[in-house]
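What follows is one structure encoded as structure tokens, with my remarks underneath.
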Amino acid sequence: MHASRLAEQFETIEKQEHAARLAMWVFLGSETLLFGALFALYGAYRVMYEGEFVESLHHNDVLLGTTNTVILITSSFTVALAIHFVRASRSGLAALMLGVSTLFGAAFLVVKFTEYAAHVREGVLPAGMYSLAAGQQPPGGAIIGATLYWLMTGLHALHVVAGMILLAVVGIGCARKVYSAERYVAVENAGLYWHLVDLVWIFLWPLFYLTD
Amino acid sequence: MSEATIDADLPAVDPRGAGAEEPDYLRAETSVRSWLLTKDHKRIAIMFYASVIVFLMLGGLFALILRTELLTPEKTIIDANTYNQMFTLHGVTMVWLFMIPAIPGAFGNFVLPLMLGAKDLAFPRINLASYYVYALSAIIMLTAMLAGGADTGWTFYVPYSSTSPTAVSWMGVGIFVNGVSSIMTALNFIVTTHTLRAKGLSWHRMPLFIWSIYGTSVIILFATPVLGMSLTLVALDHSFGLGIFDPRYGGDPVLFQHLFWFYSHPAVYIMMLPAFGVISEVVCSFSHNPPASYRAIAYSSLGIAFVGFFTWGHHMFVAGMSEFDAGIFGALSMFVAIFSAIKVFTWVATLRGGSISFATPMLYFLWFLFLFVFGGMTGVAVATQSLDVHWHDTYFVVAHFHFIMVGGTLTSFLAAAHYWFPKMFGKLYDERVGLLTSVAVFIGFVFTFLPQFLLGNAGMPRRYYSYPEQYQWLNVLSTGGAWLLGAGLLLTLANLVIALKWGRQAGPNPWGSRSFEWITASPPSKHNFESTPLVERSAYEYDLPEEVARARVPAR
């Protein structure tokens with residue numbers, strides 16, 4: 001059974017799985033730097049426009065942001081459970097947990113888009129589209145804060161979508177009993193990716209909702 | 001030679017018995033489909049090789065048009081607008097389509113698994129995909145060139161790049177896609193080095209080329225995403241007015257420069273570290289000597305990879321930086337020179353007491369040494385704030401980075417092309433023609449760029465279309481050098497292409513190298529080794545006779 005999925009360049013299945021895991025960690029390191037560029041801009045602009053920058057953050061709803069944090073942390077927990085179950089060869093339960101996690105991802109997006117809709121109504125949009133009720137332009141620091149908010153949460157939302165796809169794919173794999181105690185590195189890797197998505201939000205949440 | 005004894009041993013090991021020799025990777029399958037869908041790292045390497053040569057010629061053509069235009073102070077062959085596009089296209093083509101993928105894509109792909117005693121890279125499908133993603137990026141960039149081009153220079157500085165009427169956004173998309181390909185290759189190399197080393201091949205037994213490719217991969221992984229993001233922001237600004245760097249919406253254009261150079265300064269080492277790797281192999285193989293200090297060369301690569309992340313500010317001395325910051329960035333930049341000097345002295349010391357054979361790759365090593373030391377010393381000079389203010393944005397800087405980056409990458413690319421030619425194709429190129437074309441390339445190179453140091457020092461700004469008459473004679477020299485360089489490169493290509501068909505058979509190890517890629521047949525079979533090797537020595541045991549060294553890498 002092992003022989004069929006052992007690629008010819010690897011000598012043992014353990015090495016092959018080690019390679020897959022290592023690749024995921026290296027990839028996540030690279031992903032971190034993609035967000036890193038935006039976090040650097042956030043830091044620079046926030047220092048540059050001390051007072052004005054936080055003005056744009058007042059439009060964010062702390063309750064919705066915190067709800068989303070709870071949703072994502074819970075989803076990370078259910079993903080961890082899924083990995084626990086697949087290791088114990090309880091693939092059905094693992095599939096269930098992955099399904100639940102995917103739904104948590106969807107719930108996150110629903111909350112996020114509710115918030116985006118409120119921003120659009122208020123006119124809190126990136127760059128030149130940002131306007132106050134009276135039609136005049138807000139100060140530069142506030143605009144850049146809003147631009148960064150849209151960029152960073154938008155990029156994060158894209159990652160949520162990608163993560164949901166990964167979770168769904170390995171979830172279906174678990175339901176079909178492709179993954180079990182003998183073979184679960186794909187499930188682990190999808191889980192690792194989801195944890196990154198969660199972790200990025202853990203940084204976005206204080207930066208855009210809690211600090212004033 | 002030693003092959004006879006090994007062949008005699010084979011039947012005992014090889015279950016297929018004697019006479020069942022596997023065809024080499026070039027002849028294993030011949031259909032077009034078998035090439036396009038191959039997962040063999042050697043064939044993917046050949047596809048990268050062919051592509052980067054095409055882009056070297058294209059980028060070289062752009063350069064020749066530029067140099068020809070600069071023959072006279074006013075218009076010579078193209079108008080100012082075309083000229084602006086031409087230097088952008090030259091930079092973009094050479095940096096992203098030639099220099100960054102050249103050595104890792106072509107030679108790294110080919111020899112890295114062979115040096116590790118592996119059958120392939122860890123992820124052959126990702127490897128194939130990385131080639132097609134690279135090809136896609138090239139198509140996007142070429143389409144952008146046809147659909148309006150770009151006239152911003154390869155650095156895409158805002159605010160001009162956000163407002164330029166040319167196809168800046170598409171160029172940005174192309175470079176982003178190109179970065180995805182680099183990251184895929186880098187990830188593959190890192191995981192392969194960790195997981196597919198042959199039994200007995202500890203980290204300090206690996207050929208030095210692996211260390212430099214490893215260092216390169218680390219830089220690619222951590223710098224490329226930042227470039228991808230900064231060019232995405234420029235593209236979003238250009239297409240949709242996102243304004244993240246636009247002062248009207250609170251943005252700061254200088255922050256773009258910080259992000260851009262956070263990638264693009266390490267990118268210089270993405271181009272240089274593979275070159276160092278090639279040079280380390282060539283020096284040892286052609287002086288038949290182990291490196292004077294293995295660890296010095298290996299660790300200085302990692303040192304450069306690390307320090308390279310903290311030097312970007314030296315591109316921005318005149319962008320409104322405090323003198324204190326400039327001093328720090330200048331001093332950090334000079335650390336790179338320390339690591340580079342460690343390498344240079346170690347290479348030179350390696351020659352001592354060696355039995356040196358003056359083949360073409362060795363001659364390229366000497367050119368490399370000259371260009372690298374000269375370019376490096378001028379680098380220390382421009383890292384000094386007081387001097388840089390005078391030279392900033394002049395031809396001095398153009399000459400400096402061409403000497404070190406292009407001189408270093410090009411000479412070692414050509415050294416690799418000759419050194420590994422027998423390995424890749426099983427044939428020998430004509431040595432006399434090789435040496436002659438190498439001299440032509442070097443003289444052409446020096447004549448192209450040495451006058452530019454003088455031009456820059458005399459005050460000629462870079463990227464200008466017209467210039468005062470007193471600069472003309474130096475420009476004429478530079479243009480003449482460029483044509484000679486172009487001719488030298490074409491003849492080099494012709495020499496190698498002719499050798500493909502008419503070259504003498506090379507035998508498995510024509511240079512008498514002890515490195516592991518020469519243990520197997522040249523060209524290797526599809527699976528690289530008859531059976532997985534066991535490594536009982538380092539890659540540079542030149543004190544052993546060849547047969548003994550061969551016997552210490554037995555089949556398992």
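If you're wondering where the values come from, they're calculated on a predicted model, not measured in any experiment. To find a chain, count down the sequence lines: A is the first, B the second, and so on, and within it residues start at 1.
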TODO: State which residue, out of B:Asn178, B:Thr185, B:Val177, fulfils the side chain to side chain contact (heavy atoms under 4.5 Å, CB included) condition with B:Tyr134.
DONE: B:Asn178
Task: Qualifying residue for side chain to side chain contact (heavy atoms under 4.5 Å, CB included) with B:Ser182, from B:Leu227, B:Ile219, B:Ile220, B:Ile270 - done: B:Ile220
Does the side chain of [Y] come within less than 4.5 Å of [X]'s, by heavy atoms?
{"X": "B:Thr192", "Y": "A:Gln9", "value": "no"}
{"X": "B:Pro101", "Y": "B:Ser181", "value": "no"}
{"X": "A:Ile143", "Y": "A:Ser56", "value": "no"}
{"X": "B:Val553", "Y": "B:Leu534", "value": "no"}

With a 4.5 angstrom heavy-atom cut-off, could you sort out which part of [X] is near chain A: side chain, backbone, both or neither?
{"X": "B:Leu221", "answer": "both"}
{"X": "B:His527", "answer": "side chain"}
{"X": "B:Ser230", "answer": "neither"}

TODO: Indicate yes or no: does A:Arg87 engage A:Glu188 in a salt bridge with an N to O separation below 4.0 Å.
DONE: yes
TODO: Taking only Lys NZ, Arg NE, NH1 and NH2, and the carboxylate oxygens of Asp or Glu, determine whether A:Glu8 and B:Lys39 approach each other closer than 4.0 Å.
DONE: no
Between the side chains of [X] and [Y], does any donor sit under 3.5 Å from an acceptor?
{"X": "B:Tyr214", "Y": "B:His194", "answer": "yes"}
{"X": "B:Gln257", "Y": "B:His315", "answer": "no"}
{"X": "B:Ser34", "Y": "B:Arg43", "answer": "yes"}
{"X": "A:Arg46", "Y": "A:Tyr42", "answer": "yes"}

Of the listed residues ([options]), which shares the most heavy-atom pairs with chain A below a 4.5 Å separation?
{"options": "B:Ile183, B:Asp120, B:Asp252, B:Asn528", "value": "B:Asp252"}
{"options": "B:Asn188, B:Val191, B:Leu233", "value": "B:Val191"}
{"options": "B:Thr224, B:Ile190, B:Leu121", "value": "B:Leu121"}

If you count heavy atoms of other groups shown closer than 6.0 angstrom to [atom1] of [X], is the number above 12?
{"X": "B:Phe309", "atom1": "CZ", "result": "yes"}
{"X": "B:Trp203", "atom1": "CH2", "result": "yes"}
{"X": "B:Tyr160", "atom1": "OH", "result": "yes"}

- [ ] Enumerate by number any residue of residues 122-130 of chain B whose heavy atoms lie under 4.5 Å from heavy atoms of chain A; in the absence of such residues, state 'none'.
- [x] B:Ala122, B:Phe123, B:Pro124
Open item on the list: Can you list the residues of residues 235-246 of chain B that sit under 4.5 Å from chain A, counting heavy atoms only?
Closed with: B:Leu236, B:Gly241, B:Leu242, B:Gly243, B:Ile244, B:Phe245
Open item on the list: Less than 4.5 Å to any heavy atom of chain B: does that hold for the side chain of A:Glu52, its backbone, both, or neither?
Closed with: neither
TODO: Counting only heavy atoms closer than 4.5 Å, note whether A:Phe27 contacts chain B via side chain, backbone, both or neither.
DONE: both
- [ ] Not counting sequence neighbours, list each pair that qualifies as a ring pair (Phe, Tyr, Trp, His ring centres under 6.0 Å) and has a residue in residues 139-163 of chain A.
- [x] A:Phe35-A:His159, A:Phe108-A:His156, A:Tyr116-A:Trp150, A:His119-A:Tyr149, A:Tyr149-A:Phe208, A:His156-A:Trp201
- [ ] Could you please state which residues from residues 189-198 of chain A sit under 4.5 angstrom from chain B, measuring non-hydrogen atom to non-hydrogen atom, sorted by number, or 'none'?
- [x] none
- [ ] Identify the residue among B:Phe329, B:Phe222, B:Phe310, B:Trp312 that makes a ring pair (Phe, Tyr, Trp, His ring centres under 6.0 Å) with B:Phe262.
- [x] B:Trp312
